Visitor: 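Below is the structure I would like to discuss, written out as structure tokens.
Proteins come first, then strands; the chains are lettered A, B, ... in the order of their sequence lines, and each starts at number 1. All values derive from a computational prediction rather than experimental measurement.
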Amino acid sequence: IAGITQAPTSQILAAGRRMTLRCTQDMRHNAMYWYRQDLGLGLRLIHYSNTAGTTGKGEVPDGYSVSRANTDDFPLTLASAVPSQTSVYFCASSDSSTGFDTQYFGPGTRLTVL
Amino acid sequence: QQQVKQSPQSLIVQKGGIPIINCAYENTAFDYFPWYQQFPGKGPALLIAIRPDVSEKKEGRFTISFNKSAKQFSLHIMDSQPGDSATYFCAANPNNTDKLIFGTGTRLQVFP
């Protein structure tokens with residue numbers, strides 16, 4: 001069982017370019033999340049999805065979009081990257097169908113926008 | 001706005017010491033308080049968690065102390081080891097949501 005996989009591992013991107021970060025889980029969890037991690041700011045929620053077909057905005061959603069076409073995949077898109085989006089991005093999932101449960105995190109994607 | 005405040009930002013202890021990391025939450029009702037451990041280059045992983053109906057939870061060398069009236073909770077690591085060197089995040093789950101609000105993290109270094 002792989003758990004959560006993220007791709008790419010790292011990426012350097014020119015400002016203004018479009019970028020999609022991929023996230024796939026094999027645990028059949030209903031809920032998925034995208035966070036960004038910045039030094040001194042901890043983990044901040046960008047977008048989330050409680051179940052396939054639904055998404056919601058987190059604390060810092062501007063400049064990002066997500067989709068949840070199926071249970072396993074939850075891609076995060078930067079339509080036009082800006083340097084302030086340089087960060088480490090983590091995808092997570094949880095089985096919240098029986099109440100709040102542990103969030104399991106992927107290995108992260110380190111993104112640098114120049 | 002930061003609803004979960006974590007301190008200190010960094011902590012250095014010698015092997016065998018007892019590092020303590022503190023978190024405080026504001027206003028919003030929370031009903032689940034996990035702590036996550038993150039090693040360099042890895043994603044955070046659940047370490048230990050507590051619900052507000054108990055004041056303490058212990059798992060191995062890790063203990064959470066919870067003070068509901070003060071809206072504070074802390075992580076204690078007994079007999080700390082170099083392998084405990086990592087970044088630790090506290091978090092809180094707002095009632096009736098699947099979300100977590102994280103603290104800003106504490107980088108712990110345990111020297112031999």
Side-chain angles (χ1 to χ4, degrees), chain A residues 2-7 9-10 21 23-25 27 29-51 54-61 68 74 87-110, chain B residues 1-11 21-26 28-53 57 59 64 75 86-108:
Chain A
I4 297 181
T5 58
Q6 292 185 237
T9 301
S10 65
L21 308 185
C23 174
T24 299
Q25 53 110 352
M27 297 176 282
H29 286 168
N30 60 301
M32 297 187 74
Y33 314 83
W34 274 106
Y35 294 89
R36 58 177 292 173
Q37 182 177 11
D38 303 287
L39 190 64
L41 297 176
L43 292 152
R44 292 181 293 167
L45 183 65
I46 304 171
H47 285 285
Y48 65 96
S49 169
N50 289 330
T51 188
T54 68
T55 62
K57 294 181 179 181
E59 181 185 353
V60 288
R68 185 90 183 276
F74 191 42
S87 187
V88 181
Y89 291 86
F90 288 99
C91 179
S93 71
S94 69
D95 180 7
S96 61
S97 59
T98 58
F100 184 82
D101 202 355
T102 302
Q103 287 191 15
Y104 296 87
F105 284 79
T109 294
R110 181 175 295 275
Chain B
Q1 70 214 47
Q2 190 67 41
Q3 295 187 58
V4 178
K5 295 183 177 179
Q6 184 172 346
S7 63
Q9 188 172 12
S10 63
L11 194 52
I21 303 170
N22 300 298
C23 285
Y25 58 98
E26 304 171 346
T28 306
F30 298 121
D31 59 7
Y32 177 74
F33 300 87
W35 284 88
Y36 280 77
Q37 181 188 54
Q38 183 182 30
F39 292 107
K42 305 292 185 183
L46 179 69
L47 180 64
I48 186 173
I50 196 169
R51 296 200 180 272
D53 53 349
K57 183 173 182 181
E59 290 185 2
I64 300 177
L75 176 70
T87 299
Y88 293 81
F89 292 96
C90 63
N93 165 233
N95 290 347
N96 302 314
T97 76
D98 299 329
K99 301 176 190 177
L100 285 175
I101 299 173
F102 283 87
T104 52
T106 297
R107 185 184 177 202
L108 172 66

Visitor: Donor-acceptor pair, distance only, cut-off 3.5 Å: does the side chain of B/Q6 make one with the backbone of B/G105?
Guide: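 Yes; judged by distance alone, with no hydrogens or angles, the pair exists.
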Visitor: What part of A/Q6 is in contact with chain B, defined as an atom under 4.5 angstrom from a non-hydrogen atom: side chain, backbone, both or neither?
Guide: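 Nothing of A/Q6, per the 4.5 Å heavy-atom cut-off to chain B.
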Visitor: Tell me, for A/L45 versus chain B, whether the close heavy atoms (under 4.5 Å) come from the side chain, the backbone, both or neither.
Guide: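 When you check distances to chain B, only side chain atoms of A/L45 fall under 4.5 Å.
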Visitor: Of the options A/H47, A/E59, A/R44, A/Q103, which is the one that meets A/Y35 in a side-chain hydrogen bond (donor to acceptor under 3.5 Å, both in side chains)?
Guide: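 Considering A/H47, A/E59, A/R44, A/Q103, a side-chain hydrogen bond (donor to acceptor under 3.5 Å, both in side chains) with A/Y35 is found only for A/Q103.
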Visitor: So, A/S87 and A/D38: side-chain donor and acceptor under 3.5 Å apart, yes or no?
Guide: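 Per modelled atom types, A/S87 and A/D38 side chains form a pair under 3.5 Å.
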Visitor: Shorter than 4.5 Å, heavy atoms on both sides: which option in B/G41, B/P44, B/G43, B/A91 has the most such pairs with chain A?
Guide: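 When all of B/G41, B/P44, B/G43, B/A91 are compared, B/P44 has the most.
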Visitor: How many angstroms lie between CG in B/L75 and CD in B/Q37, if you round to the nearest 0.5 Å?
Guide: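 It comes to 9.0 Å.
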